[in-house]
Amino acid sequence: MRVLKNTMKYKLIIFDCDGVLVDSEPVSNKLFADMVNGLGLNLSNEESAQLFTGRSDDDCIKIIEERLKQKVRNDFIDDFNNRLILELEKSLNMVKNIDKVLSFLSDTAICVASNAPAMKVKHSLKITGLDIYFNNNIFTVENVNRGKPYPDIYLYAAKQMGFEPEECAVVEDSVFGVRAGVAAGMDVYGYTERIDKEILKKECAVIFNSMLDLPILFTEKIIS
């Protein structure tokens with residue numbers, strides 16, 4: 001008798017952290033906007049989010065310095081991250097239903113690949129209780145020479161986990177993250193709860209608006 005089954009399309013699922021696993025973007029964007037405006041810029045929270053979300057710390061500093069036409073103090077990013085951790089401890093939640101997705105993937109290899117510092121990523125996962133799913137398979141911009149939108153972090157994560165790029169899927173929520181995943185030769189799924197879906201669609205992401213859609217997107221039907 002022929003039986004219709006669901007099977008996973010991928011051997012490894014690589015998750016971005018901020019905005020995909022933990023709902024940190026609103027807090028992070030507001031704090032960053034406040035701090036860069038304190039340096040002399042005049043950006044709304046929305047403008048700051050469009051300009052900086054998904055970029056590495058080094059790229060953010062370059063943009064700030066170009067706009068200010070002067071150097072930023074050396075401890076600016078450290079100060080931001082320290083303040084952010086305090087804010088996140090008060091209010092950070094996991095992205096809605098992401099725990100259900102991670103439970104669904106219990107038999108599939110998963111890891112995190114983020115442009116954020118390792119300390120922040122690990123702390124965010126611990127606060128939300130999502131650290132139990134990843135077994136320290138956490139890779140960050142500190143592991144590579146170039147952050148997103150370059151593919152380095154995704155290629156590094158796949159290599160460390162023992163898989164080829166074509167065996168991997170990436171879950172992202174920013175333009176620069178999607179570009180990194182596409183450049184790495186991986187299928188990219190763009191979470192659009194906080195971003196216009198057309199923006200990520202133009203970057204060649206498979207878009208979705210609810211984490212509960214991912215199990216369906218990750219599987220294919222076969223007849224055996």
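Residue Phe208 is grouped with residue Val22 when hydrophobic side chains (ILVMFWY) are merged at heavy-atom distances under 4.5 angstrom, including chains of intermediate members. Tracing side-chain contacts under 4.5 Å through hydrophobic residues (I, L, V, M, F, W, Y), one never reaches Leu130 starting from Val170; they form parts of separate clusters. Ile85 is not connected to Ile127 by any chain of hydrophobic side-chain contacts under 4.5 Å among Ile, Leu, Val, Met, Phe, Trp and Tyr, and they are in different clusters. Under the 4.5 Å side-chain heavy-atom criterion for grouping Ile, Leu, Val, Met, Phe, Trp and Tyr, Leu84 is connected to Val112 within one hydrophobic cluster. Note on Leu214 and Ile216: separate hydrophobic clusters, where clusters join Ile, Leu, Val, Met, Phe, Trp and Tyr whose side-chain heavy atoms are under 4.5 Å apart, directly or indirectly.
Between Glu87 and Lys30 the shortest side-chain heavy-atom distance does not fall below 4.5 Å. Within the 4.5 Å cutoff, the side chain of Ile61 has heavy atoms near those of the Glu65 side chain.
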Margin query: I'd like to know whether Asp16 forms a salt bridge (charged side-chain N to carboxylate O under 4.0 Å, His left out) with Lys148, so could you lay out the CA-CA distance, the side-chain angles of the two residues, the decisive distance to 0.1 Å, and finally the verdict.
Written below: CA-CA 11 Å; Asp16 178 42; Lys148 305 170 190 178; 3.0 Å; yes
Next item on the list: Verify side chain to side chain contact (heavy atoms under 4.5 Å, CB included) between Phe218 and Leu105, making sure each step is shown before the conclusion.
Entry: CA-CA 10 Å; Phe218 285 160; Leu105 295 171; 4.1 Å; yes
Item checked: Residues Lys62, Asp59; criterion side chain to side chain contact (heavy atoms under 4.5 Å, CB included); working and verdict -> CA-CA 5 Å; Lys62 287 178 183 176; Asp59 285 344; 4.2 Å; yes
Next item on the list: Kindly indicate, with the supporting measurements, whether the criterion side chain to side chain contact (heavy atoms under 4.5 Å, CB included) is fulfilled by Asn81 and Ile77.
Entry: CA-CA 6 Å; Asn81 285 323; Ile77 291 296; 3.4 Å; yes
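In this structure, CE on Met186 lies 4.0 Å from CD1 on Ile14, to the nearest 0.5 angstrom. Interatomic distance, Ile153 CD1 to Ser56 OG, rounded to the nearest 0.5 Å: 11.0 Å. Considering CD of Gln50 and OG of Ser44, their distance stands at 7.5 Å, rounded to 0.5 Å.
Partners of Glu25 according to the side-chain contact (heavy atoms from CB on, under 4.5 Å) rule, which considers only residues two or more places apart in sequence or in another chain, are Asp18, Asn29, Thr53, Asp173. For the ring-ring contact (aromatic ring centres under 6.0 Å, His included) test, residues two or more places apart in sequence or in another chain that qualify with Phe52 are Phe32.
In this structure, Asp75 places its CG atom where more than 12 heavy-atom neighbours from other residues, nucleotides or ligands lie under 6.0 Å away. Heavy-atom contacts from other residues, nucleotides or ligands closer than 6.0 Å to CG of Asp196 number more than 12. Heavy-atom neighbours of Tyr150 OH from other residues, nucleotides or ligands within 6.0 Å: at or below the threshold of 12. Remark: Lys9 NZ is packed, more than 12 non-hydrogen atoms of other residues, nucleotides or ligands lying under 6.0 Å away.
The six-membered or imidazole ring of Tyr10 lies away from that of Phe163, with a centre-to-centre distance of 6.0 Å or more.
Minimum heavy-atom separation, Val20 to Met211: O-CE, 3.4 Å.
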